[in-house]
There are 2 protein chains.
Amino acid sequence: MPDRTDRVAQQLWGFVYDYDAAYERAARAVGLSTAQACLLKAVADGPRTMGEIATELLCDASNVTQVVTRLEARGLVTRQPGRADRRSREVAITAAGAELDRSARQAFRFPRERIGRLSADDQQTLSTLLETLAAPDS
Amino acid sequence: MPDRTDRVAQQLWGFVYDYDAAYERAARAVGLSTAQACLLKAVADGPRTMGEIATELLCDASNVTQVVTRLEARGLVTRQPGRADRRSREVAITAAGAELDRSARQAFRFPRERIGRLSADDQQTLSTLLETLAAPDS
DNA sequence: TATTGTTATACTCTATAACTATA
DNA sequence: TATAGTTATAGAGTATAACAATA
């Protein structure tokens, strides 16, 4: 592997490090852990079942149960039996949850600030590169 | 904020999401948590004090104490009183720790695989963009 | 008196295994 | 019998406050 690739990999590590740290701070700033903020984001566009959330968040269903329980206790989400399959549960965001989700997104200024440093052309170039970089494995 | 910026921000979120997941899997694959892998990496280039590690890892010193205690119990790092200031402790990586650190880096193929998709020219372009994106705030 | 690190404690995240309810 | 979710439990990460040792 060439030196060049290594150098870019190192730059990328540093950038992701800062990105993650900024997200963590944004979540904290509005009183959420990163796991809670991610779950809220996962149900922001509409109700999801526990299983769908577990898949989205790449974690175990029992984990989702616990995080949802805490968010529910704070009135940020609700948990209702599914209509079709009554074994499942639909997790829906509440008005308060949606408000907090918006606050968290606003507090996470990092991506907009960093991307905003680039010219329109450079943003387009980055977007094109990311299309290649982000494409799934196989 | 223009649509374009939003779109790039969304692509970036997805990429960082996959990056973090891949790092977590690589660490697990060699029997480490991400926190442990990061600490090992932090002392891979030479001994560091608890305080230095806490600063590097953006966490509390009491946290470092606990992670180091676990790594020390597994023989991956040692903890010695500092020579100059005897209040401080020098955390040094052991041969076994260095070996595991190397394994973890190797298992983390994600960045090399993704960057390797780009031509040499595109890698250079990405590197230049990252220079701007990664520069500190002020 | 100030600083470095540890201890005690508490909360959250996370997974595994056993369980309940429904299909 | 299989699946969706929960409960019980346990280990790890994380921070705050009180503390010990050293400066």
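Numbered from 1 within each chain, the chains take letters A, B, ... in sequence-line order. The basis for the numbers below is simple: all heavy atoms, side chains too, and nothing from hydrogens, waters or symmetry mates.
- Remark: A:Ser103 engages A:Val30, A:Glu99 in a side-chain contact (heavy atoms from CB on, under 4.5 Å) (not counting sequence neighbours).
- Crowding of B:Arg117 atom CZ: a count of heavy atoms from other residues, nucleotides or ligands under 6.0 Å exceeding 12.
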Dot-bracket encoding per residue of DNA chain D, Watson-Crick/G-U cut-off under 3.5 Å, | denoting interstrand: |||||||||||||||||||||||

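- With hydrogens and angles left out, the side-chain atoms of A:Gln123 and B:Thr5 include a donor and acceptor closer than 3.5 Å.
- For B:Arg87, taking side-chain heavy atoms from C-beta onward, the closest of the listed nucleotides D:dG5, D:dA23, D:dT3 is D:dA23.
- The list of salt bridge (charged side-chain N to carboxylate O under 4.0 Å, His left out) pairs with a residue in residues 28-56 of chain B, not counting sequence neighbours, reads B:Glu24-B:Arg28.
- The interatomic distance linking B:Leu39 (CG) with D:dG13 (P) rounds to 10 Å, in whole Å.
- Residue pairs that meet the ring-ring contact (aromatic ring centres under 6.0 Å, His included) test with at least one member in residues 116-138 of chain A, sequence neighbours left out, do not exist here.
- If A:Arg70 and B:Thr65 are placed on DNA chain C by their nearest nucleotide, the residue sitting closer to the 5' end is B:Thr65.
- Think of the region where chain B sits on DNA chain C: with heavy atoms and a 4.0 Å cut, that region ends 5' and 3' at C:dA2 to C:dT9.
- For the 3.5 Å distance criterion, the side chains of A:Thr78 and A:Glu72 fail to qualify, holding no donor opposite an acceptor.
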Can you list, pair by pair, the side-chain donor-acceptor contacts under 3.5 Å of residues 85-98 of chain B, counting residues two or more places apart and other chains?
unit_1  : atom_1 : unit_2  : atom_2 : d
B:Asp85 : OD1    : B:Arg87 : N      : 2.9
B:Asp85 : OD1    : B:Arg87 : NE     : 3.2
B:Asp85 : OD2    : B:Arg87 : NE     : 3.3
B:Asp85 : OD2    : B:Arg87 : NH2    : 2.8
B:Ser88 : OG     : B:Asp85 : O      : 2.9
B:Glu90 : OE2    : B:Arg83 : NH1    : 2.9
B:Glu90 : OE2    : B:Arg83 : NH2    : 3.2
B:Thr94 : OG1    : B:Gly75 : O      : 2.7
B:Thr94 : OG1    : B:Leu76 : O      : 3.2
B:Thr94 : OG1    : B:Ala96 : N      : 3.4
B:Thr94 : OG1    : B:Gly97 : N      : 3.0

Detail all sub-3.5 Å separations between protein N/O atoms and N/O atoms belonging to nucleotides 16-20 of chain D.
unit_1 : atom_1 : unit_2  : atom_2 : d
D:dT16 : O4     : B:Ser62 : OG     : 2.9

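- Under the side-chain contact (heavy atoms from CB on, under 4.5 Å) criterion, B:Ser62 pairs with B:Asp60, sequence neighbours left out.
- Within residues 19-37 of chain A, the residues approached by DNA chain C to less than 4.0 Å at the level of any non-hydrogen atom are A:Ser33, A:Ala35, A:Gln36, in residue-number order.
- Residue pairs that meet the side-chain hydrogen bond (donor to acceptor under 3.5 Å, both in side chains) test with at least one member in residues 128-137 of chain A, sequence neighbours left out, are A:Gln124-A:Thr128.
- Applying the ring-ring contact (aromatic ring centres under 6.0 Å, His included) test to residues at least two apart or on different chains, the pairs with a partner in residues 62-117 of chain A are A:Phe15-A:Phe110, A:Tyr19-A:Phe108, A:Tyr19-A:Phe110, A:Tyr23-A:Phe108.
- Atom CG in A:Asp85 sits about 12 Å away from atom C1' in D:dA2, given to the nearest Å.
- Salt bridge A:Arg105/A:Asp101: present, at least one basic N to carboxylate O contact under 4.0 Å.
- Nearest-nucleotide mapping onto DNA chain C: of B:Met50 and A:Arg83, the residue sitting toward the 5' end is B:Met50.
- With sequence neighbours left out, A:Gln10 forms a side-chain contact (heavy atoms from CB on, under 4.5 Å) with no residue at all.
- Residue-level contact check: B:Thr49 touches the backbone only, with heavy atoms under 4.0 Å from sugar-phosphate atoms and none from bases.
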Criterion side-chain hydrogen bond (donor to acceptor under 3.5 Å, both in side chains) on B:Arg70 and B:Ser33, from CA distance to verdict: CA-CA 11 Å; B:Arg70 288 185 200 107; B:Ser33 67; over 6 Å; no

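- The base of D:dT6 lies outside donor-acceptor range of the side chain of A:Gln66, with no N or O pair under 3.5 Å.
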